[in-house]
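Written below as C-alpha coordinates is the structure these notes are about.
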2 protein chains.
Amino acid sequence: MQKKIIPDIVIGRLPKYLQTLQQIKEKNIYTISSSDLGEEIGISAAQLRKDLSYFGEFGKQGTGYNINILINQLKIILKADRVWNVIIVGAGDLGSALARYQDFSKYGYNIVSIFDTSEEKIGKSIGNYTIENAKNMANKVKLFDVKIAMITVPVSEAQNVVDLLINAGVSAFLNYAPIFLHVPEYVKVESIDPISQLQHMTYYL
Amino acid sequence: MQKKIIPDIVIGRLPKYLQTLQQIKEKNIYTISSSDLGEEIGISAAQLRKDLSYFGEFGKQGTGYNINILINQLKIILKADRVWNVIIVGAGDLGSALARYQDFSKYGYNIVSIFDTSEEKIGKSIGNYTIENAKNMANKVKLFDVKIAMITVPVSEAQNVVDLLINAGVSAFLNYAPIFLHVPEYVKVESIDPISQLQHMTYYL
DNA sequence: TAGATTGTTAATCGATTAACAATC
DNA sequence: TAGATTGTTAATCGATTAACAATC
(Lines give C-alpha, C1' and ligand atoms only; values in the text may rest on other atoms or scores of the structure.)
Protein backbone atom coordinates (compact mmCIF):
# COMPACT_ATOMS: atom_id res chain seq x y z
CA MET A 1 0.00 0.00 0.00
CA GLN A 2 1.41 3.33 -1.03
CA LYS A 3 1.70 6.12 1.51
CA LYS A 4 -0.26 9.18 0.47
CA ILE A 5 2.21 11.81 -0.61
CA ILE A 6 1.84 15.13 1.09
CA PRO A 7 2.91 18.21 -0.90
CA ASP A 8 6.24 19.60 0.22
CA ILE A 9 4.77 23.08 0.26
CA VAL A 10 2.42 21.92 3.01
CA ILE A 11 5.29 20.46 5.05
CA GLY A 12 7.10 23.76 4.68
CA ARG A 13 4.24 25.61 6.37
CA LEU A 14 3.90 23.32 9.37
CA PRO A 15 6.88 24.75 11.28
CA LYS A 16 5.28 28.18 11.09
CA TYR A 17 2.06 26.78 12.50
CA LEU A 18 3.97 25.10 15.30
CA GLN A 19 5.94 28.22 16.11
CA THR A 20 2.88 30.44 16.21
CA LEU A 21 0.94 27.98 18.34
CA GLN A 22 3.78 27.87 20.83
CA GLN A 23 3.75 31.65 21.07
CA ILE A 24 -0.02 31.68 21.55
CA LYS A 25 0.25 29.04 24.23
CA GLU A 26 2.48 31.37 26.25
CA LYS A 27 -0.48 33.70 26.53
CA ASN A 28 -2.45 30.96 28.31
CA ILE A 29 -4.89 30.48 25.48
CA TYR A 30 -6.10 26.91 25.13
CA THR A 31 -8.18 26.85 22.01
CA ILE A 32 -8.11 28.62 18.65
CA SER A 33 -10.17 28.59 15.46
CA SER A 34 -8.65 28.15 12.03
CA SER A 35 -9.55 31.70 11.10
CA ASP A 36 -7.91 33.24 14.18
CA LEU A 37 -4.80 31.12 13.80
CA GLY A 38 -4.73 31.79 10.08
CA GLU A 39 -4.79 35.50 10.70
CA GLU A 40 -1.89 35.23 13.12
CA ILE A 41 0.13 33.28 10.54
CA GLY A 42 -0.94 35.24 7.50
CA ILE A 43 -2.77 32.42 5.76
CA SER A 44 -6.41 31.66 4.94
CA ALA A 45 -8.52 29.58 7.28
CA ALA A 46 -9.34 27.18 4.46
CA GLN A 47 -5.70 26.55 3.72
CA LEU A 48 -4.89 25.94 7.34
CA ARG A 49 -7.67 23.40 7.71
CA LYS A 50 -6.75 21.71 4.45
CA ASP A 51 -3.10 21.48 5.44
CA LEU A 52 -3.90 19.94 8.80
CA SER A 53 -6.41 17.55 7.27
CA TYR A 54 -3.59 15.75 5.46
CA PHE A 55 -2.50 14.42 8.84
CA GLY A 56 -5.72 13.82 10.71
CA GLU A 57 -8.70 15.49 12.35
CA PHE A 58 -7.36 17.66 15.11
CA GLY A 59 -10.19 20.16 15.51
CA LYS A 60 -13.67 20.21 16.98
CA GLN A 61 -16.63 21.77 15.23
CA GLY A 62 -17.86 24.77 17.12
CA THR A 63 -14.70 25.25 19.19
CA GLY A 64 -11.67 24.97 16.92
CA TYR A 65 -8.34 23.43 17.84
CA ASN A 66 -6.94 22.58 21.24
CA ILE A 67 -3.57 24.28 21.22
CA ASN A 68 -1.69 21.72 23.29
CA ILE A 69 -2.93 18.82 21.25
CA LEU A 70 -2.10 20.55 17.97
CA ILE A 71 1.38 21.47 19.17
CA ASN A 72 2.06 17.87 20.15
CA GLN A 73 0.73 16.50 16.90
CA LEU A 74 2.79 18.92 14.82
CA LYS A 75 5.91 18.00 16.77
CA ILE A 76 5.32 14.35 16.08
CA ILE A 77 4.65 14.98 12.39
CA LEU A 78 7.79 17.09 12.00
CA LYS A 79 9.85 14.71 14.17
CA ALA A 80 10.51 17.69 16.41
CA ASP A 81 9.58 15.53 19.40
CA ARG A 82 13.10 14.14 19.68
CA VAL A 83 16.74 15.22 19.80
CA TRP A 84 18.82 15.43 16.63
CA ASN A 85 22.58 15.64 16.57
CA VAL A 86 23.91 18.39 14.35
CA ILE A 87 27.35 19.59 13.27
CA ILE A 88 28.46 23.01 12.11
CA VAL A 89 31.07 23.14 9.37
CA GLY A 90 32.97 26.41 9.15
CA ALA A 91 33.97 28.47 12.18
CA GLY A 92 33.84 31.97 10.72
CA ASP A 93 31.66 34.74 12.11
CA LEU A 94 28.50 33.00 11.05
CA GLY A 95 29.46 29.51 12.20
CA SER A 96 30.54 30.98 15.51
CA ALA A 97 27.26 32.84 15.94
CA LEU A 98 25.38 29.60 15.22
CA ALA A 99 27.47 27.70 17.77
CA ARG A 100 26.48 30.24 20.40
CA TYR A 101 22.83 30.32 19.43
CA GLN A 102 20.88 28.81 22.33
CA ASP A 103 17.66 28.07 20.50
CA PHE A 104 18.95 25.09 18.54
CA SER A 105 19.23 22.91 21.61
CA LYS A 106 16.02 24.38 22.97
CA TYR A 107 14.22 22.98 19.92
CA GLY A 108 15.97 19.62 19.94
CA TYR A 109 18.88 20.33 17.64
CA ASN A 110 21.91 19.33 19.65
CA ILE A 111 25.12 20.74 18.24
CA VAL A 112 27.84 18.16 18.81
CA SER A 113 30.79 19.83 17.05
CA ILE A 114 31.99 22.78 15.04
CA PHE A 115 34.68 22.14 12.44
CA ASP A 116 37.18 24.18 10.47
CA THR A 117 40.25 23.52 8.34
CA SER A 118 42.25 26.53 9.52
CA GLU A 119 45.18 25.59 11.78
CA GLU A 120 44.73 28.95 13.48
CA LYS A 121 41.17 28.20 14.50
CA ILE A 122 41.42 24.53 15.45
CA GLY A 123 41.59 24.18 19.23
CA LYS A 124 40.13 27.59 19.96
CA SER A 125 36.88 27.72 21.87
CA ILE A 126 33.54 29.21 20.89
CA GLY A 127 30.84 29.21 23.52
CA ASN A 128 30.79 25.67 24.90
CA TYR A 129 32.68 24.21 21.96
CA THR A 130 36.24 23.73 20.87
CA ILE A 131 36.81 24.06 17.14
CA GLU A 132 37.72 20.68 15.73
CA ASN A 133 39.80 19.66 12.75
CA ALA A 134 37.64 19.15 9.69
CA LYS A 135 39.54 15.95 9.00
CA ASN A 136 37.61 14.32 11.82
CA MET A 137 34.19 15.22 10.46
CA ALA A 138 33.32 11.86 8.96
CA ASN A 139 34.31 10.02 12.13
CA LYS A 140 32.26 12.29 14.31
CA VAL A 141 29.27 11.99 12.02
CA LYS A 142 29.34 8.22 12.25
CA LEU A 143 30.04 8.16 15.98
CA PHE A 144 27.14 10.47 16.83
CA ASP A 145 24.83 9.34 14.05
CA VAL A 146 24.65 12.89 12.74
CA LYS A 147 22.04 13.36 10.03
CA ILE A 148 22.05 17.16 9.89
CA ALA A 149 24.86 19.60 9.07
CA MET A 150 24.96 23.38 8.91
CA ILE A 151 27.30 24.61 6.21
CA THR A 152 29.01 27.96 6.70
CA VAL A 153 32.12 27.41 4.60
CA PRO A 154 33.10 29.52 1.56
CA VAL A 155 31.31 28.89 -1.73
CA SER A 156 34.42 27.26 -3.15
CA GLU A 157 34.39 24.56 -0.46
CA ALA A 158 30.69 23.99 -0.01
CA GLN A 159 30.04 21.29 -2.62
CA ASN A 160 33.11 19.29 -1.54
CA VAL A 161 32.15 19.40 2.12
CA VAL A 162 28.61 18.32 1.29
CA ASP A 163 29.78 15.41 -0.87
CA LEU A 164 32.05 14.22 1.91
CA LEU A 165 29.32 14.47 4.52
CA ILE A 166 26.77 12.66 2.38
CA ASN A 167 29.21 9.79 2.14
CA ALA A 168 29.54 9.82 5.90
CA GLY A 169 25.78 9.59 6.33
CA VAL A 170 24.45 13.15 6.56
CA SER A 171 21.20 13.64 4.68
CA ALA A 172 20.00 17.12 5.62
CA PHE A 173 21.88 20.38 5.10
CA LEU A 174 21.18 23.85 6.31
CA ASN A 175 23.25 25.71 3.75
CA TYR A 176 24.51 29.24 4.37
CA ALA A 177 26.81 29.30 1.34
CA PRO A 178 25.30 31.22 -1.57
CA ILE A 179 25.46 28.36 -4.05
CA PHE A 180 23.13 25.68 -5.38
CA LEU A 181 24.22 22.32 -4.00
CA HIS A 182 23.88 19.25 -6.17
CA VAL A 183 22.79 16.30 -4.04
CA PRO A 184 21.12 12.92 -4.52
CA GLU A 185 17.37 12.85 -4.47
CA TYR A 186 17.10 11.51 -0.91
CA VAL A 187 19.20 14.35 0.56
CA LYS A 188 17.43 17.53 1.71
CA VAL A 189 18.92 21.00 1.43
CA GLU A 190 17.53 24.22 2.84
CA SER A 191 19.44 27.34 1.96
CA ILE A 192 19.71 30.66 3.73
CA ASP A 193 20.87 33.51 1.58
CA PRO A 194 20.23 37.01 2.90
CA ILE A 195 21.56 38.69 -0.24
CA SER A 196 18.95 36.91 -2.36
CA GLN A 197 16.26 37.89 0.09
CA LEU A 198 17.34 41.52 0.02
CA GLN A 199 17.34 41.52 -3.77
CA HIS A 200 13.88 39.98 -3.77
CA MET A 201 12.67 42.94 -1.72
CA THR A 202 14.56 45.71 -3.50
CA TYR A 203 12.74 44.76 -6.69
CA TYR A 204 9.65 46.31 -5.12
CA LEU A 205 11.28 49.44 -3.69
CA MET B 1 -2.23 51.69 -19.01
CA GLN B 2 -1.68 49.09 -16.36
CA LYS B 3 1.76 47.61 -15.79
CA LYS B 4 1.81 43.87 -16.35
CA ILE B 5 2.09 42.19 -12.97
CA ILE B 6 4.88 39.71 -12.67
CA PRO B 7 4.31 36.82 -10.23
CA ASP B 8 6.22 37.24 -6.99
CA ILE B 9 7.41 33.66 -7.24
CA VAL B 10 9.26 34.65 -10.41
CA ILE B 11 10.89 37.65 -8.70
CA GLY B 12 12.00 35.34 -5.92
CA ARG B 13 13.94 33.19 -8.37
CA LEU B 14 15.80 36.01 -10.09
CA PRO B 15 18.41 36.49 -7.34
CA LYS B 16 19.37 32.83 -7.69
CA TYR B 17 19.79 33.29 -11.42
CA LEU B 18 21.94 36.34 -10.84
CA GLN B 19 24.06 34.64 -8.23
CA THR B 20 24.67 31.58 -10.36
CA LEU B 21 25.51 33.66 -13.43
CA GLN B 22 28.04 35.63 -11.42
CA GLN B 23 29.69 32.40 -10.34
CA ILE B 24 29.76 31.10 -13.89
CA LYS B 25 31.25 34.35 -15.09
CA GLU B 26 34.22 33.80 -12.77
CA LYS B 27 35.05 30.74 -14.85
CA ASN B 28 35.45 32.94 -17.92
CA ILE B 29 32.42 31.54 -19.67
CA TYR B 30 30.62 34.09 -21.82
CA THR B 31 27.51 32.35 -23.04
CA ILE B 32 25.10 29.78 -21.64
CA SER B 33 21.95 28.03 -22.81
CA SER B 34 18.78 27.90 -20.73
CA SER B 35 19.19 24.17 -20.24
CA ASP B 36 22.76 24.42 -18.96
CA LEU B 37 21.94 27.33 -16.67
CA GLY B 38 18.77 25.59 -15.54
CA GLU B 39 20.74 22.53 -14.55
CA GLU B 40 23.14 24.65 -12.52
CA ILE B 41 20.25 26.28 -10.69
CA GLY B 42 18.08 23.20 -10.37
CA ILE B 43 15.25 24.43 -12.51
CA SER B 44 13.82 23.45 -15.91
CA ALA B 45 14.98 25.20 -19.07
CA ALA B 46 11.41 26.09 -19.92
CA GLN B 47 10.83 27.77 -16.61
CA LEU B 48 14.02 29.76 -16.89
CA ARG B 49 13.11 31.03 -20.34
CA LYS B 50 9.57 31.80 -19.25
CA ASP B 51 10.77 33.71 -16.19
CA LEU B 52 13.19 35.80 -18.21
CA SER B 53 10.61 36.46 -20.92
CA TYR B 54 8.57 38.51 -18.46
CA PHE B 55 11.28 41.15 -18.67
CA GLY B 56 12.44 41.05 -22.26
CA GLU B 57 14.26 39.00 -24.87
CA PHE B 58 17.77 38.47 -23.57
CA GLY B 59 18.79 35.35 -25.51
CA LYS B 60 19.82 34.46 -29.05
CA GLN B 61 18.50 31.42 -30.87
CA GLY B 62 21.26 28.96 -31.48
CA THR B 63 23.66 30.39 -28.89
CA GLY B 64 21.77 31.06 -25.68
CA TYR B 65 22.36 33.95 -23.30
CA ASN B 66 25.31 36.29 -23.07
CA ILE B 67 26.27 36.08 -19.42
CA ASN B 68 27.41 39.67 -18.99
CA ILE B 69 24.31 41.06 -20.57
CA LEU B 70 22.04 38.86 -18.51
CA ILE B 71 23.84 39.75 -15.27
CA ASN B 72 23.45 43.44 -16.01
CA GLN B 73 19.80 43.10 -16.92
CA LEU B 74 19.02 41.12 -13.78
CA LYS B 75 20.79 43.71 -11.65
CA ILE B 76 18.71 46.45 -13.19
CA ILE B 77 15.49 44.49 -12.75
CA LEU B 78 16.25 43.72 -9.10
CA LYS B 79 17.56 47.25 -8.46
CA ALA B 80 20.81 45.62 -7.42
CA ASP B 81 22.65 48.10 -9.65
CA ARG B 82 22.74 50.73 -6.92
CA VAL B 83 23.64 51.19 -3.26
CA TRP B 84 21.01 50.81 -0.54
CA ASN B 85 21.43 52.03 2.99
CA VAL B 86 20.56 49.44 5.60
CA ILE B 87 20.39 49.35 9.39
CA ILE B 88 20.73 46.43 11.77
CA VAL B 89 18.53 46.43 14.85
CA GLY B 90 19.75 44.24 17.68
CA ALA B 91 23.42 43.78 18.55
CA GLY B 92 23.37 40.23 19.86
CA ASP B 93 25.49 37.42 18.41
CA LEU B 94 23.53 37.40 15.21
CA GLY B 95 23.35 41.16 14.72
CA SER B 96 27.08 41.35 15.40
CA ALA B 97 27.84 38.62 12.87
CA LEU B 98 25.76 40.50 10.31
CA ALA B 99 27.59 43.75 11.04
CA ARG B 100 30.88 42.00 10.31
CA TYR B 101 29.64 40.24 7.20
CA GLN B 102 31.53 41.74 4.27
CA ASP B 103 29.24 40.57 1.48
CA PHE B 104 26.44 43.03 2.19
CA SER B 105 28.47 46.01 1.04
CA LYS B 106 29.93 43.95 -1.78
CA TYR B 107 26.42 43.52 -3.16
CA GLY B 108 25.35 47.11 -2.61
CA TYR B 109 23.80 46.88 0.84
CA ASN B 110 25.59 49.54 2.83
CA ILE B 111 25.16 49.07 6.55
CA VAL B 112 24.97 52.51 8.12
CA SER B 113 24.32 51.62 11.76
CA ILE B 114 23.70 48.88 14.26
CA PHE B 115 21.35 49.63 17.15
CA ASP B 116 20.55 48.18 20.55
CA THR B 117 18.66 49.25 23.65
CA SER B 118 21.08 47.76 26.17
CA GLU B 119 23.11 50.40 28.05
CA GLU B 120 25.90 47.83 28.29
CA LYS B 121 26.19 47.47 24.54
CA ILE B 122 25.69 51.07 23.41
CA GLY B 123 29.06 52.61 22.56
CA LYS B 124 30.86 49.31 22.13
CA SER B 125 32.32 48.59 18.72
CA ILE B 126 31.64 45.72 16.35
CA GLY B 127 33.79 45.51 13.26
CA ASN B 128 33.72 49.01 11.78
CA TYR B 129 30.67 50.08 13.75
CA THR B 130 29.84 51.52 17.14
CA ILE B 131 26.61 50.24 18.62
CA GLU B 132 24.13 53.10 18.72
CA ASN B 133 21.22 53.85 21.00
CA ALA B 134 17.98 52.49 19.57
CA LYS B 135 16.33 55.78 20.47
CA ASN B 136 18.11 57.37 17.52
CA MET B 137 16.86 54.87 14.98
CA ALA B 138 14.11 56.99 13.48
CA ASN B 139 16.45 59.95 13.07
CA LYS B 140 19.09 57.90 11.38
CA VAL B 141 16.55 56.30 9.07
CA LYS B 142 15.36 59.68 7.89
CA LEU B 143 18.84 61.17 7.65
CA PHE B 144 20.19 58.33 5.51
CA ASP B 145 16.96 57.57 3.68
CA VAL B 146 17.08 54.00 4.93
CA LYS B 147 14.49 51.75 3.30
CA ILE B 148 15.80 48.39 4.55
CA ALA B 149 16.26 47.07 8.09
CA MET B 150 17.57 43.78 9.41
CA ILE B 151 15.79 42.75 12.57
CA THR B 152 17.67 40.61 15.10
CA VAL B 153 15.85 41.62 18.27
CA PRO B 154 13.96 39.18 20.55
CA VAL B 155 10.51 38.02 19.45
CA SER B 156 8.89 40.17 22.14
CA GLU B 157 10.37 43.36 20.62
CA ALA B 158 10.17 42.61 16.92
CA GLN B 159 6.69 43.89 16.09
CA ASN B 160 7.23 47.12 18.03
CA VAL B 161 10.54 47.81 16.34
CA VAL B 162 9.01 47.15 12.93
CA ASP B 163 6.04 49.44 13.61
CA LEU B 164 8.39 52.22 14.67
CA LEU B 165 10.60 51.80 11.63
CA ILE B 166 7.67 51.73 9.21
CA ASN B 167 6.63 55.09 10.62
CA ALA B 168 10.14 56.37 10.05
CA GLY B 169 10.06 55.28 6.41
CA VAL B 170 11.48 51.75 6.26
CA SER B 171 9.60 49.50 3.87
CA ALA B 172 11.66 46.31 3.63
CA PHE B 173 12.59 44.03 6.51
CA LEU B 174 14.95 41.12 6.68
CA ASN B 175 13.52 39.49 9.76
CA TYR B 176 15.55 37.08 11.89
CA ALA B 177 13.02 36.96 14.73
CA PRO B 178 10.90 33.77 14.61
CA ILE B 179 7.58 35.55 14.45
CA PHE B 180 5.09 36.57 11.77
CA LEU B 181 5.21 40.34 11.38
CA HIS B 182 2.02 42.19 10.60
CA VAL B 183 2.75 45.03 8.18
CA PRO B 184 0.85 47.20 5.69
CA GLU B 185 0.50 45.83 2.20
CA TYR B 186 3.23 48.02 0.71
CA VAL B 187 5.87 46.82 3.19
CA LYS B 188 7.95 43.76 2.31
CA VAL B 189 9.15 41.21 4.83
CA GLU B 190 11.53 38.33 4.24
CA SER B 191 12.09 36.05 7.19
CA ILE B 192 15.01 33.83 8.07
CA ASP B 193 14.23 31.10 10.56
CA PRO B 194 16.70 28.22 10.75
CA ILE B 195 14.58 26.27 13.25
CA SER B 196 11.69 26.17 10.78
CA GLN B 197 14.04 25.08 8.03
CA LEU B 198 15.46 22.31 10.18
CA GLN B 199 11.97 21.11 11.06
CA HIS B 200 11.03 21.13 7.40
CA MET B 201 13.90 18.74 6.74
CA THR B 202 13.51 16.48 9.75
CA TYR B 203 10.04 15.61 8.53
CA TYR B 204 11.75 13.59 5.80
CA LEU B 205 14.41 11.93 7.97
C1' DT C 1 -31.04 24.08 21.37
C1' DA C 2 -28.56 27.69 18.43
C1' DG C 3 -24.29 29.27 17.03
C1' DA C 4 -19.81 28.28 15.67
C1' DT C 5 -16.51 25.93 13.29
C1' DT C 6 -14.70 21.83 11.41
C1' DG C 7 -13.26 18.58 7.41
C1' DT C 8 -13.91 18.01 2.69
C1' DT C 9 -15.51 18.56 -2.02
C1' DA C 10 -15.65 20.92 -6.22
C1' DA C 11 -14.47 25.13 -8.54
C1' DT C 12 -11.11 28.35 -9.41
C1' DC C 13 -6.90 30.12 -9.90
C1' DG C 14 -2.06 30.07 -10.91
C1' DA C 15 2.35 27.89 -12.05
C1' DT C 16 4.98 24.60 -14.72
C1' DT C 17 6.02 22.11 -18.74
C1' DA C 18 5.94 20.29 -23.47
C1' DA C 19 6.25 21.43 -27.93
C1' DC C 20 7.45 23.99 -31.90
C1' DA C 21 7.78 27.85 -35.25
C1' DA C 22 11.09 31.37 -35.65
C1' DT C 23 15.68 32.47 -36.26
C1' DC C 24 20.56 33.05 -34.97
C1' DT D 1 23.56 25.89 -44.83
C1' DA D 2 22.46 22.76 -40.73
C1' DG D 3 22.19 22.57 -35.96
C1' DA D 4 21.04 24.69 -31.83
C1' DT D 5 18.30 27.24 -28.97
C1' DT D 6 15.20 30.90 -28.18
C1' DG D 7 10.42 33.00 -26.93
C1' DT D 8 5.80 31.76 -26.63
C1' DT D 9 1.53 29.15 -26.81
C1' DA D 10 -1.44 25.70 -25.22
C1' DA D 11 -1.86 21.78 -22.27
C1' DT D 12 -1.08 19.99 -17.94
C1' DC D 13 -0.44 19.90 -13.41
C1' DG D 14 -0.91 21.44 -8.71
C1' DA D 15 -2.33 24.67 -5.10
C1' DT D 16 -5.78 27.68 -3.10
C1' DT D 17 -10.30 28.96 -2.00
C1' DA D 18 -15.34 29.01 -1.56
C1' DA D 19 -18.99 26.74 0.14
C1' DC D 20 -21.54 23.70 2.97
C1' DA D 21 -23.13 19.39 5.30
C1' DA D 22 -21.81 17.48 9.57
C1' DT D 23 -21.48 18.08 14.29
C1' DC D 24 -19.58 19.84 18.64
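Model, not experiment: these values are computed from the prediction. All chains are named by letter (A, B, ...) in the order of the sequence lines, taking the proteins before the strands, and each is independently numbered beginning at 1. Scope of the values below: all heavy atoms of this structure, side chains included, with no hydrogens, waters or symmetry mates.
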Cationic N near anionic O, under 4.0 Å, A/Lys121 to A/Asp116: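 Salt bridge flag = yes for A/Asp116 with A/Lys121.
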Taking NZ, NE, NH1 and NH2 as the nitrogens, is one of them in A/Asp51 or A/Arg49 under 4.0 Å from a carboxylate oxygen of the other?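 No.
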On DNA chain D, nearest-nucleotide positions of B/Ala46 versus A/Ser44: which is more 5'?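 Final value for this comparison: B/Ala46.
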For A/Asp51 and for B/Tyr65, locate the closest nucleotide of DNA chain D by heavy-atom distance; then report the residue assigned to the nucleotide nearer the 5' terminus.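 The 5'-side residue here is B/Tyr65.
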On DNA chain C, check which nucleotide each of B/Thr63 and B/Gln47 is closest to and give me the residue with the more 5' one.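 Nearest-nucleotide comparison on DNA chain C picks B/Gln47.
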Can a cation-pi geometry be assigned to B/Lys79 and A/Tyr203, taking NZ or CZ under 6.0 Å from the six-membered ring centre and within 45° of the ring axis?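 Yes - B/Lys79 lies over the ring of A/Tyr203, closer than 6.0 Å to its centre and within 45° of its axis.
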Applying the Watson-Crick and G-U criteria (both distances under 3.5 angstrom) with [ ] for crossing and | for other-strand pairs, one obtains for DNA chain C ..||||||||||||||||||||||
Name the nucleic acid region contacted by B/Ser34, choosing base, sugar-phosphate or nothing; use a 4.0 angstrom heavy-atom cut-off, strictly under.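 Sugar-phosphate contact only - B/Ser34 comes under 4.0 Å of backbone atoms but never of a base.
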Any idea how B/Tyr204 and B/His200 line up, ring-wise: parallel (<30°), tilted (30 to 60°), or perpendicular (>60°)?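 Because their plane-to-plane angle lies in the 30° to 60° range, the rings of B/Tyr204 and B/His200 count as tilted.
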For A/His182 and A/Asp163, does a side-chain donor sit closer than 3.5 Å to a side-chain acceptor?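 Their side chains do not contain a donor-acceptor pair, so the 3.5 Å distance test is not met.
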Side-chain H-bond candidate by donor/acceptor type, A/Thr202 with B/Tyr109, under 3.5 Å: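 There is such a pair between these side chains.
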Reading DNA chain D from 5' to 3', where do the contacts with chain A start and stop? Cut-off is 4.0 Å to heavy atoms.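 Taking any atom under 4.0 Å from a heavy atom of chain A, the span is D/dA15 to D/dC24.
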Check A/Gly95 against A/Thr152 and note the closest heavy-atom contact, atom names and distance.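 Heavy-atom minimum between the residues: CA-OG1, 3.6 Å.
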Provide the closest heavy-atom pair for A/Ile24 versus A/Ile67 in the form atom of the first, atom of the second, distance.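 Looking at all heavy atoms of both residues, the closest pair is CG2-CD1, 3.5 Å.
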